[in-house]
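Notes follow the structure.
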Amino acid sequence: MSERYDDEALKFIETRKRVAQMRRAEAIKKRNMTVAAIVGVVIVVILFSVIAVSCGNNGGTEETTTAAATTKKVETTTAVETTTAEESTTSEEDGEMMPGKTMYINDDGINLRKEANTTSGIIDQLLKDTEVTIVGVEGDWVKVSRGNDVGYVKKEFLDGSKSTGNSSEDEENPVETTAATTVE
């Protein structure tokens, strides 16, 4: 009888060992799954942060700087030039930037951008007096087309007519010159 008791005790002990091993394996598996889930969430949060930073409009600071520089320049110019600058801004806001209207680039090396911000990719660089057609307006940016290219240009770099090529005229209107050189 003691032999039978020893066999049953050994079977019981072996069974308990197997159950304990299975429980340990399940606990390890559960722990690994939890760690993997936490790592996955951390990676997703990092990706969203990187995307949010890269999609943010970093050009806002540059635009503010440009506006401040333009305002300062207007204050230092004569009263006649200040009035002229205000009138041209008002006429642009009153509908000069209508879709389908032909406009001209007012400075050399102006970037035609993929999106309406200063950090987006550059499609092409446009020369002074390049003819473009307005597609739409988005805040300070104008969506324009030139040939097969469609992109964005800041409003301040567009005029309703070609320049006369008179360099003294450019010197007489420092408001436009300041805006063109500050942004780009």
Residues two or more places apart in sequence or in another chain: which of them pass side-chain contact (heavy atoms from CB on, under 4.5 Å) with [X]?
{"X": "Arg24", "result": "Ala20, Gln21"}
{"X": "Tyr152", "result": "Ala116, Glu138, Trp141, Lys143"}
{"X": "Lys17", "result": "Ile13, Glu14"}
{"X": "Lys162", "result": "Tyr104, Asp129"}

What distance separates [X] [atom1] from [Y] [atom2], expressed to the nearest 0.5 Å?
{"X": "Thr130", "Y": "Leu112", "atom1": "OG1", "atom2": "CG", "value": "10.0 Å"}
{"X": "Asp159", "Y": "Met103", "atom1": "CG", "atom2": "CE", "value": "6.5 Å"}
{"X": "Leu158", "Y": "Ile105", "atom1": "CG", "atom2": "CD1", "value": "5.0 Å"}

Grab the two heavy atoms, one from [X] and one from [Y], that are nearest each other, plus how far apart they are.
{"X": "Ile123", "Y": "Lys114", "result": "CG1-CG, 3.7 Å"}
{"X": "Val153", "Y": "Asn111", "result": "CG2-O, 4.1 Å"}
{"X": "Lys128", "Y": "Ser163", "result": "CE-OG, 3.3 Å"}

Problem - Close side-chain approach of Lys154 to Ile110, heavy-atom, < 4.5 Å - result: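 No. Closest side-chain heavy atoms not under 4.5 Å.
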Exercise for the section: Taking the side chain as every heavy atom from C-beta outward, state whether Leu126 and Val132 have any pair of such atoms under 4.5 Å apart. Expected result: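 Heavy-atom side-chain distance check passes, below 4.5 Å.
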Exercise for the section: Kindly indicate, with the supporting measurements, whether the criterion side chain to side chain contact (heavy atoms under 4.5 Å, CB included) is fulfilled by Val137 and Lys155. Expected result: CA-CA 9 Å; Val137 178; Lys155 276 184 184 179; 3.4 Å; yes
Do [X] and [Y] sit in the same hydrophobic cluster, where Ile, Leu, Val, Met, Phe, Trp and Tyr count as joined when their side-chain heavy atoms come under 4.5 Å apart?
{"X": "Ile122", "Y": "Val144", "result": "no"}
{"X": "Val42", "Y": "Val50", "result": "yes"}
{"X": "Phe157", "Y": "Val150", "result": "no"}

Handout entry: Partner set under salt bridge (Lys or Arg N to Asp or Glu O under 4.0 Å) for Asp124, not counting sequence neighbours
Key =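 Listed in chain order: Arg146.
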Exercise for the section: State whether a side-chain donor-acceptor pair under 3.5 Å links Asn117 with Thr119. Expected result: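 A pair is found: one side chain offers a donor N or O, the other an acceptor, under 3.5 Å apart.
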Handout entry: Main-chain N/O of Gly121 paired to Arg113 side chain as donor or acceptor, under 3.5 Å
Key =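 No; zero donor-acceptor contacts below 3.5 Å.
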Handout entry: Residue pairs involving residues 26-36 (criterion side-chain hydrogen bond (donor to acceptor under 3.5 Å, both in side chains); sequence neighbours excluded)
Key =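 Sorted pair list comes back empty.
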